[in-house]
Number of protein chains: 2
Amino acid sequence: MPITPLAEIKENFIQGLSQISQYWGFPKSMGAIFAVLYISPSALSLDEIVVHTGFTKGAISTGVRSLARMGLIHRQSKLGDRKDYYIAESDFYKAIRTILKGRENSEFDRALSSVRDTLGELESGTSTSGKAEEWNFVHERVGEMQSFFDGLDNLVRVVAALDTMNQNTVQKVVGLLKK
Amino acid sequence: MPITPLAEIKENFIQGLSQISQYWGFPKSMGAIFAVLYISPSALSLDEIVVHTGFTKGAISTGVRSLARMGLIHRQSKLGDRKDYYIAESDFYKAIRTILKGRENSEFDRALSSVRDTLGELESGTSTSGKAEEWNFVHERVGEMQSFFDGLDNLVRVVAALDTMNQNTVQKVVGLLKK
DNA sequence: TAGTTTGTTTAGTAAATACTAAATAAACTA
DNA sequence: TAGTTTATTTAGTATTTACTAAACAAACTA
């Protein structure tokens, strides 16, 4: 049986991560950029990424900015070289923490706090007319949702604060949950 | 200070969940449908949801199907009534489990297995020409990514299999992680 | 200074998406 | 049977999105 050439294997890998990226609602280009950097032994310049992915310079420029903001790749400067070079973050748990920390996204936070505001309004007053029953029901429901969000937020904050989140940590969590 | 009327509070809540829905890449209509059902003391028919959300019947029809598939709402039949009625799932942890269980999405799974395939190809052969070094590097990297995915998958499977995931469970996990 | 090399921004485009309006289907009722 | 009531599907549309091509900007170099 013939051995698949490395070039073809790499291409498949890049396409695979592109699809995964797309599945999670990110541009395919971002998956491709990360894939190229992840399997490159050396840091790559913007133009090199262009060659390897087939996207244009503009697309790569915005793509690397997004990836860097998520902590999935890092920008490097070489002395005496005007180009920027990029490498992939290979510690995925570290990247996850970075993403979780940066969730004060304003967009998302504003949406979340609207639920909190709703709860506040429900708590500040009581129904004037005869709709006390419905008021209480809505109050209870929104309160439960807020508790859920608080719980999640708590979990996320703890995870984000961890300085060592590795395979071992995950295993411990799995072990605990199995009980 | 004047008390905000319940109708207005409800409207704000619906808009809030719509934004959150949109933030996570789902249609705004889905957030609105869930919000309406979540704060409704009784099950609602398709037409009632239409009235409360302002979307058309077609949009609601597809929206409720998506939400039901995720386990976020449930369809109910009343005897002697041809209409379908819908209620919100108020146990969010339960909903999370349903979503996690349904992740054999074919779409996502196919993307993930493409990474596994890449690893398989790298393991089956070795480089013919003098590119052994690069081959090994790529092999190592892809292997690490696969390990990460396996770890996550393991965690997800355990969580999905839990029959009791509640606030308490989350608290225990938080406690463990803090150590 | 003018000319290169690099990265970013902008204007325009093609494709995907979420929606509406309306046709259709399916189940019941007179 | 024809007529209602309900839900789904389809055809078309407006908006958003990810991209390309090209203009621009900034930093160096001869």
Side-chain angles (χ1 to χ4, degrees), chain A residues 14-15 17-37 43-70 72-87 105 107 111, chain B residues 14-15 17-37 43-70 72-87 105 107 111:
Chain A
I14 294 167
Q15 277 181 229
L17 287 207
S18 297
Q19 280 179 246
I20 292 175
S21 176
Q22 176 165 252
Y23 181 86
W24 289 106
F26 300 103
K28 271 189 290 185
S29 60
M30 279 175 62
I33 294 169
F34 180 81
V36 164
L37 293 176
L44 298 181
S45 72
L46 222 163
D47 280 308
E48 285 170 318
I49 301 174
V50 167
V51 170
H52 284 101
T53 60
F55 289 98
T56 57
K57 228 171 162 182
I60 303 298
S61 176
T62 64
V64 292
R65 203 187 314 148
S66 303
L67 284 167
R69 197 171 36 226
M70 291 200 250
L72 278 166
I73 68 173
H74 303 286
R75 190 174 239 138
Q76 284 187 338
S77 303
K78 285 186 186 170
L79 306 115
D81 190 339
R82 208 136 56 67
K83 292 197 200 89
D84 290 339
Y85 289 88
Y86 299 90
I87 56 164
N105 197 272
E107 274 289 355
Chain B
I14 294 168
Q15 276 181 228
L17 288 207
S18 298
Q19 280 178 246
I20 291 175
S21 176
Q22 177 165 252
Y23 181 86
W24 289 107
F26 300 103
K28 272 189 289 185
S29 60
M30 279 176 61
I33 294 169
F34 181 82
V36 163
L37 292 176
L44 298 180
S45 71
L46 222 163
D47 281 307
E48 284 170 318
I49 302 173
V50 167
V51 171
H52 284 100
T53 60
F55 290 97
T56 57
K57 228 172 165 182
I60 303 299
S61 177
T62 64
V64 292
R65 202 186 315 150
S66 303
L67 285 166
R69 196 172 35 226
M70 289 200 250
L72 279 166
I73 69 172
H74 303 286
R75 192 174 238 136
Q76 284 186 338
S77 304
K78 284 187 188 171
L79 305 117
D81 190 339
R82 208 134 58 65
K83 292 199 201 88
D84 290 338
Y85 289 87
Y86 300 89
I87 57 165
N105 196 274
E107 274 290 355

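All of these numbers come straight from a predicted model, not from anything done at the bench. Each chain gets a letter, A, B and so on, in the order its sequence line appears, and its residues count up from 1.
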Length of the NZ-P vector between A:Lys28 and C:dA16, whole Å: 8 Å

Length of the CE-P vector between B:Met30 and C:dC19, whole Å: 10 Å

OP1 or OP2 of C:dG7 under 4.0 Å from side-chain N/O of A:Lys57: no

Distance in angstrom units between B:Phe26 CZ and C:dA16 P, rounded: 20 Å

A:Ile49 CD1 - C:dT6 P separation (whole Å): 14 Å

Pairwise distance CG(A:Leu67) to CZ(A:Phe26) - rounded to 0.5 angstrom: 9.0 Å

Given C:dG7, D:dC19, C:dA26, the nucleotide with the shortest approach to the side chain of A:Asp47: C:dG7

A:Ile73: which of A:Ile49, A:Leu44, A:Val64, A:Ile87 passes side chain to side chain contact (heavy atoms under 4.5 Å, CB included): A:Val64

Between C:dG7 (P) and A:Asp81 (CG): distance, integer Å: 9 Å

Separation of D:dC28 C1' from A:Asp84 CG (nearest whole Å): 14 Å

Rounded interatomic separation in angstrom, taking CG from B:Leu46 and P from D:dT9: 12 Å

Sugar-phosphate, base or nothing in reach of A:Ser29, heavy atoms under 4.0 Å: sugar-phosphate

Among A:Arg75, A:Gln76, A:Glu48, side chain to side chain donor-acceptor pair (under 3.5 Å) partner for A:Tyr86: A:Arg75

Base C:dT6 to side chain A:Arg82, donor-acceptor N/O within 3.5 Å cut-off: no

Close side-chain approach of A:Lys83 to A:Leu46, heavy-atom, < 4.5 Å: no

B:Arg75 side-chain N/O to D:dT6 phosphate OP1/OP2 under 4.0 Å: no

Distance, rounded to the nearest Å, where A:Lys78 contributes NZ and C:dG7 contributes C1': 17 Å

Nearest listed nucleotide, side chain of B:Thr56, among C:dT20, C:dG7, D:dC19: C:dT20

A:Ser61 vs C:dG7: side-chain N/O to OP1/OP2 distance below 4.0 Å: no

Nearest to side-chain heavy atoms of A:Phe55, which nucleotide of C:dC19, D:dT8, D:dC19: D:dC19

Side-chain donor or acceptor of B:Ser18 paired with backbone N/O of B:Ile14 under 3.5 Å: yes

